[in-house]
Amino acid sequence: MKPVIRSILIIDDSPADQLLTQMTIEKYDKNITILQAYDGREGLSILAAEQAPPDIILLDINMPGMNGHDFLDEYNQSSGSSCVVIMLTSSILARDKEKCMKYDFVKRYFDKPLEMEHLEDLSGLV
């Protein structure tokens, strides 16, 4: 039996990408709780307010305010960096991928949009 993903936090400034990601997750499993943030700072606030951390964080890199790199730096310094972080981005820069993958909690680097195969791969990480 595959592990169950109970909740996912999407951190992405694009309402269109948020909606597309949400629709893909709901198609995969309508029982997954979806939390949404539109920049890294909002994502950190949601994490601080949640009683139980989400199983997975889907994180974009290029966002106004606090971008994905800044989020990773701050999240790494927090005491509870226990979530699996998945980069979901349109950045094709090798340096972006290298910078993100240096964190132990970043497990995958996917190009947008989120695909069903991505979610199937993630269920093994939870």
### Message
Under the rule for side-chain contact (heavy atoms from CB on, under 4.5 Å), what residues qualify as partners of Met101, not counting sequence neighbours?
### Response
Lys97, Val106, Tyr109

### Task
To the nearest 0.5 Å, tell me how far Asp12 CG sits from Gln22 CD.
12.5 Å

### Query
Do Glu115 and Pro113 come within less than 4.5 Å of each other through their side chains, counting heavy atoms only?
yes

### Task
Mind listing the closest non-hydrogen atom pair of Pro54 and Ser7 along with its distance?
CA-OG, 3.0 Å

Distance-only donor-acceptor pairs under 3.5 Å for side chains of residues 56-70, two or more places apart:
from	atom 1	to	atom 2	distance (Å)
Asp60	OD1	Thr89	OG1	3.2
Asp60	OD2	Lys112	NZ	3.3
Asn67	OD1	His69	N	3.0
Asn67	OD1	Asp70	N	2.8
His69	NE2	Asp96	OD1	2.8

## Note on the structure
dist Ile11:CD1 -> Thr21:OG1 (nearest 0.5 Å) comes out at 12.0 Å

### Message
side-chain contact (heavy atoms from CB on, under 4.5 Å) for Met116 and Thr24? Distances and angles first, verdict last.
### Response
CA-CA 7 Å; Met116 287 295 223; Thr24 303; 4.3 Å; yes

### Query
Given side chains that start at C-beta, do those of Tyr28 and Ile8 come closer than 4.5 Å, heavy atoms only?
no

### Message
Listing request: all salt bridge (charged side-chain N to carboxylate O under 4.0 Å, His left out) pairs with a residue in residues 85-94, at least two apart in sequence or in separate chains.
### Response
none

### Query
Would Val84 end up clustered with Ile32 when hydrophobic side chains under 4.5 Å apart are linked, directly or stepwise?
yes

### Query
So Leu114 and Leu20, side-chain contact (heavy atoms from CB on, under 4.5 Å) or not? Walk me through it.
CA-CA 8 Å; Leu114 184 68; Leu20 189 58; over 6 Å; no

#### Entry: Selection residues 25-44 - residue pairs positive for salt bridge (charged side-chain N to carboxylate O under 4.0 Å, His left out), sequence neighbours left out
Arg41-Glu74

### Task
Verify, without hydrogens or angle tests, whether Gln18 (side chain) and Ala37 (backbone) share a donor-acceptor contact under 3.5 angstrom.
yes

### Query
Do Leu35 and Phe105 share a hydrophobic cluster, counting only Ile, Leu, Val, Met, Phe, Trp and Tyr and linking them when any side-chain heavy atoms are less than 4.5 Å apart?
yes

### Message
Applying salt bridge (charged side-chain N to carboxylate O under 4.0 Å, His left out), can you list everything that pairs with Asp121, at least two apart in sequence or on another chain?
### Response
Arg108

### Task
Tell me, with the steps shown, if Phe71 and Leu47 meet side-chain contact (heavy atoms from CB on, under 4.5 Å).
CA-CA 12 Å; Phe71 173 88; Leu47 290 172; 3.9 Å; yes

### Query
Does Tyr103 have its ring centroid less than 6.0 Å away from the ring centroid of Tyr75?
no

### Query
How far apart are the C-alpha atoms of Ile10 and Ile25, what are their side-chain angles, what is the distance that settles it, and do they pass the side-chain contact (heavy atoms from CB on, under 4.5 Å) test?
CA-CA 10 Å; Ile10 306 166; Ile25 292 167; 4.0 Å; yes

### Summary
So the side chain to side chain donor-acceptor pair (under 3.5 Å) pairs with at least one residue in residues 43-57 (sequence neighbours excluded) are Arg6-Asp55

### Query
Below 4.5 Å, heavy atoms only, C-beta onward: do Met87 and Leu72 meet side chain to side chain?
yes

### Tyr38 reachable from Ile86 in the ILVMFWY side-chain graph, under 4.5 Å edges
no

